[in-house]
Amino acid sequence: MTFYSVYKALFEHFGSQHWWPADTPFEVMVGAVLTQNTAWTNVEKAIANLKENDVLQAAAMARTPSEELARLIRPAGYFNVKAKRLKNFCQWYLAQGEKQSLAQWRDHELREGLLSVNGVGPETADDMLLYAFNRPVFVIDAYTRRLFSRLGLINGDEAYEELRRLFEQTLGEQNQDRKAQIKLFNEYHALIVIHAKDYCRKRPQCDECCLRSHCPQTEMKDYV
DNA sequence: GTCCAGGGTTCGT
DNA sequence: ACGAACCATGGA
């Protein structure tokens, strides 16, 4: 079992996921903040509210009062915190000249820039880098730790950066081409999430099969 | 009612 | 570097 063989198995089973579902890169960035500790269905409601009120653009969002923004994103939970985080992000995003300017930044500089925004941590930044800026970064989330520690490929308590480097280097050896790496990292993270979501749902009595926190271990025998 | 979500980010120590 | 505290909705 290797990092790449797990990817192949997931891809064969679930197919291409075409992440991230959004109309624009900015919508991806907003979604990345809103989905922090939140079910995606709730994020969709919040994004629909933003769209209906024409606030799903950096300039409009930046000038929307926090109270108003919080009201719109209420379904996504933590609305006061997230309203502030979104405004922090918009302020930085506009100051840097939006995506057109940021597209010219080096991967590492862009990552540091995103992380400098209060409310954007490593995972949120990497979601944005991978799915809005098409940079070759591997997103590490709770599911990723759980899956690969259960498969015995990692310990599980490694630091975020250590795991990110491990995945990027190991998978990068298979695929040196930057475009191919982006595609691989894009699909891989999406597949891990889909696996976590759907595998359990199909098994109402599931007590050991998936990546959700209530399952004590992970079975992949359906596809490995 | 309880548990969980595409739980992470910040801020102490 | 690590752990605690913080935030708050909606669906199963």
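Letters A, B, ... mirror the listed sequences (proteins, then strands); counts begin at 1. Since this is a predicted model, take the numbers as computed values, not measurements.
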* To do: Send over the distance from A/I73 CD1 to C/dC7 C1', rounded to a whole Å.
  => 12 Å
* With rounding to whole Å, what would you report as the distance between B/dA5 and C/dC6 at their P atoms? -> 22 Å
* Across the strands shown, which category fits A/V43 at heavy-atom distances under 4.0 angstrom: base, sugar-phosphate, nothing? -> nothing
* May I ask you to say what A/N42 touches in the nucleic acid, namely base, sugar-phosphate or nothing, with a heavy-atom cut-off under 4.0 Å? => base
* Distance in angstrom units between A/R85 CZ and B/dT10 P, rounded -> 6 Å
* Atom-pair distance (NZ on A/K82; C1' on C/dA8), nearest Å -> 9 Å
* Within the pair A/K45 and C/dG11, is there a side-chain N or O less than 4.0 Å away from OP1 or OP2? -> yes
* Kindly point out which of B/dT9, C/dG10, B/dG6 is positioned nearest to the side chain of A/P122? => B/dT9
Only pairs under 3.5 Å count here: list side-chain donor-acceptor contacts from residues 53-63 of chain A, not counting sequence neighbours, and write none if there are none.
unit_1	atom_1	unit_2	atom_2	d
A/N53	ND2	A/N49	O	2.8

* Structure fact -> Whichever of A/V117 and A/H189 has the more 5' nearest nucleotide on DNA chain B, that residue is A/H189
* Structure fact -> Rounded to whole Å, the CG-P distance (A/L114 to B/dT10) equals 12 Å
* Asked: Picking from B/dT9, C/dA8, C/dT9, which would you name as closest to the side chain of A/E123?
  -> B/dT9
* Asked: So with a 6.0 Å cut-off around CD of A/Q100, is the heavy-atom count from everything else above 12?
  -> no
* To do: With A/T124 as reference, evaluate A/L115, A/V139, A/V33 under the side-chain contact (heavy atoms from CB on, under 4.5 Å) test and give the passing residue.
  => A/V33
* Asked: Looking only at side-chain N and O atoms, does A/N80 come under 4.0 Å of OP1 or OP2 in C/dC7?
  -> no
* Asked: Nearest of C/dT9, B/dG7, B/dG6 to any side-chain atom of A/P21?
  -> B/dG6
* Just wondering, do A/W19 and B/dG6 stack (centres under 5.5 Å, planes under 30°)? -> yes
* Asked: Between B/dG8, B/dG6, B/dG7, which one does the side chain of A/T124 approach most closely?
  -> B/dG8
* Rounded off to whole Å, could you give me the OH-to-C1' distance for the A/Y78 and C/dC7 pair? => 5 Å
* To do: Taking all non-hydrogen atoms of both residues into account, name the closest pair between A/I182 and A/N134 and its distance.
  => CD1-O, 3.0 Å
* To do: Would you mind reading off the distance between A/E187 atom CD and B/dG6 atom P, rounded to a whole angstrom?
  => 18 Å
* Asked: Just how far, in rounded Å, is C1' of C/dT9 from CD of A/Q36?
  -> 15 Å
* Answer yes if A/Y160 and A/L110 sit in the same cluster of Ile, Leu, Val, Met, Phe, Trp and Tyr residues linked by side chain heavy atoms under 4.5 Å apart, and no otherwise. => yes
* Mind telling me whether A/F3 and A/F148 have parallel, tilted or perpendicular rings, with 30° and 60° as the class edges? => tilted
* Looking only at side-chain atoms of A/A142, point me to the closest of B/dG8, B/dG6, C/dG10. => B/dG8
* Asked: With respect to the phosphate group of B/dG7, does any side-chain polar atom (N or O) of A/T35 fall under 4.0 Å of OP1 or OP2?
  -> no
* **Closest to side chain of A/N37, choosing from B/dG7, B/dG8, B/dG6** => B/dG7
* Sticking with atom P, work out how far B/dG6 lies from B/dT2, rounded to a whole angstrom. => 22 Å
* **Nucleotide nearest A/N118 (side chain, heavy atoms from C-beta), chosen from B/dA5, B/dG8, B/dC11** => B/dC11
* If we take the P atom in both B/dC11 and C/dA8, what is their distance in whole Å? -> 15 Å
* Calculate the interatomic distance between A/F89 atom CZ and B/dT9 atom C1'; express it in whole Å. => 16 Å
